[in-house]
Amino acid sequence: MSRLQVVSGKGGTGKTTVAAALALALATEGKRTLLVEVEGRQGIAQLFETEALPYEERKIAVAPGGGEVYALAIDPELALLDYLQMFYKLGGAGRALKKLGAIDFATTIAPGLRDVLLTGKACEAVRRKDRSGRFAYDYVVMDAPPTGRVTRFLNVNDEVAGLAKIGPIHNQAQAVMRVLKSPETAVHLVTLLEEMPVQETADGISELRAAKLPVGRVIVNMVRPTVLDQAELEFARAVPRAAIARSLSGAGLGGARRGGLAERLVDPLLRQADEYAERFALEREQRGVLTELGLPLHELPLLAEGMDLAGLYELATELRQQGIS
């Protein structure tokens, strides 16, 4: 597995949930994982039912087998202060610039610089080693921007082209790109079995490949359970209404008399079966589109009780069982 796992997806597909579950899955059996948020939404804190994340690495969960998950919400202004201190030793002058609003001004007028800072912080965590020479984290998982923006976000080399041809910013961008375009990185896309998310996933994969960014896996989220298979659906269409009514009556749902409860239930049941058949056909078609993309495909179930911390661990277990960790 690549050490930097980037997770993107169309809005509403649950990419933050999948990123969190992936971080838990990768931290299994004593591993250490850093889960990084770059959009400032504090979605990770909500999922792990903890207070808002500061701009520091904080342990938020223990994975099965004693592994640890740390989290970091990257603030571009504070990341720029780190950058200025690292390369220019500004110290108090950097803090004064922040008070004057210069830091916010710089990251606003130069969005490419903002992306360099966000991706650079994650890549620094990937490369960081402790005193013994071991990596500080076995894996870094980034909850990245949505599919429509992720290629531009990750392709920081192009973003800084108009900012600096030489110097520390240019060198930092080059160092980031060496990580992002190497086997150390894998970009996973989260989707649903619906036409628009699947199409955006296919488009996103094309853009990532064109930018020579390493595409990892496609993760289908919130997959509803199969109630009837194709043969059962065809059988349901062929069964006479009277036979369905008799079966309902035999199951104790109303008497056998004409116009009784059993007969009144037939039409609603057939409508429900038709709706299910339509969704079943759509999902099968979209699954076929995803299969043709030629990437490893994983599916996570729709949790009937909704998403909570226990559900997050359940999804992490599902990912491990599917061999993603």
Side-chain angles (χ1 to χ4, degrees), residues 2-8 15-16 19-20 22-23 26 32-45 52-60 68-91 94-95 97-98 103-104 106-108 110-130 135-146 149-160 163-164 167-182 184-188 213-214:
S2 301
R3 296 190 58 252
L4 175 57
Q5 306 278 314
V6 180
V7 180
S8 182
K15 70 176 179 66
T16 299
L22 178 60
L26 293 172
R32 282 167 54 96
T33 300
L34 177 65
L35 179 56
V36 175
E37 182 175 82
V38 297
E39 294 185 282
R41 295 184 295 107
Q42 290 294 337
I44 292 171
L53 297 174
Y55 180 59
E56 63 182 35
E57 293 157 24
R58 171 184 292 177
K59 187 166 78 172
I60 59 170
E68 297 174 329
V69 176
Y70 288 74
L72 169 67
I74 303 178
D75 181 295
E77 291 185 25
L78 295 176
L80 181 53
L81 284 176
D82 281 352
Y83 176 85
L84 293 174
Q85 176 61 23
M86 183 183 303
F87 289 104
Y88 297 103
K89 310 297 182 187
L90 290 186
R95 292 188 291 273
L97 286 172
K98 178 175 173 58
I103 302 298
D104 181 57
T107 55
T108 300
L113 175 59
R114 181 181 184 276
D115 291 348
V116 170
L117 296 168
L118 294 172
T119 54
K121 188 68 176 177
C123 290
E124 181 275 326
V126 171
R127 297 190 301 258
R128 190 191 314 156
K129 294 184 178 180
D130 60 22
F135 286 114
Y137 295 102
D138 296 289
Y139 300 100
V140 176
V141 179
M142 180 194 292
D143 178 20
R149 295 193 289 116
V150 71
T151 300
R152 183 175 179 183
F153 172 77
L154 294 174
N155 205 19
V156 293
N157 205 26
D158 287 345
E159 287 295 298
V160 300
L163 292 174
I169 293 177
H170 175 81
N171 294 338
Q172 171 75 353
Q174 292 289 329
V176 168
M177 292 312 301
R178 281 195 293 272
V179 174
L180 292 179
K181 291 193 175 183
S182 76
E184 283 190 289
T185 299
V187 185
H188 310 304
L213 289 162

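Contact record, Pro214 with Ser182: CG-O, 3.8 Å, taken as the closest heavy-atom pair. What you find for Pro145 and Val38 is that their closest heavy atoms are CD-CG2, 3.9 Å. Closest of all the heavy-atom pairs between Ala19 and Val141 is O-CG1, 3.6 Å. Taking all atoms of both residues into account, the shortest heavy-atom contact from Val69 to Ala23 is CG2-O, 3.8 Å. Annotation for Val150 and Ala144: closest pair CG2-CB, 4.0 Å, computed over non-hydrogen atoms.
Side-chain atoms of Asp138 never come within 3.5 Å of backbone atoms of Thr33 as a donor-acceptor pair (strictly under, hydrogens ignored). Not one N or O on the side chain of Gln5 forms a donor-acceptor pair closer than 3.5 Å with the backbone of Ala186. In terms of modelled atom types and a separation under 3.5 Å, the side chain of Thr185 and the main chain of Val179 share a donor-acceptor contact. Listed for the Glu37 side chain is a donor-acceptor partner under 3.5 Å among the backbone atoms of Ile44.
Checked against ring pair (Phe, Tyr, Trp, His ring centres under 6.0 Å), Tyr137 has the following partners two or more places apart in sequence or in another chain: Tyr70.
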Could you walk me through whether Asn155 and Met177 pass the side-chain contact (heavy atoms from CB on, under 4.5 Å) check? CA-CA 7 Å; Asn155 205 19; Met177 292 312 301; 3.5 Å; yes
Take Ile60 and Leu53, measure what side-chain contact (heavy atoms from CB on, under 4.5 Å) needs, and give me the verdict at the end. CA-CA 9 Å; Ile60 59 170; Leu53 297 174; 4.1 Å; yes
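To the nearest 0.5 angstrom, Arg127 atom CZ is 10.0 Å from Phe135 atom CZ. Note: Met142 CE to Leu34 CG = 10.0 Å, rounded to the nearest 0.5 Å. In this structure, Arg128 CZ and Glu124 CD are separated by 4.0 Å, a value rounded to the nearest 0.5 Å. To the nearest 0.5 angstrom, Phe153 atom CZ is 8.5 Å from Leu180 atom CG. The distance from the CD1 atom of Ile74 to the CG atom of Leu118 is 5.5 Å, given to the nearest 0.5 Å.
One finds a salt bridge joining Glu39 and Arg149 here, because a Lys/Arg side-chain nitrogen approaches an Asp/Glu carboxylate oxygen to under 4.0 Å.
Looking at Lys181 and Leu213, their side chains come closer than 4.5 Å, going by heavy atoms from C-beta outward. The shortest distance between side-chain heavy atoms of Lys121 and Val36 does not fall below 4.5 Å. Under the 4.5 Å side-chain criterion, counting only non-hydrogen atoms from C-beta, Val6 is in contact with Leu4.
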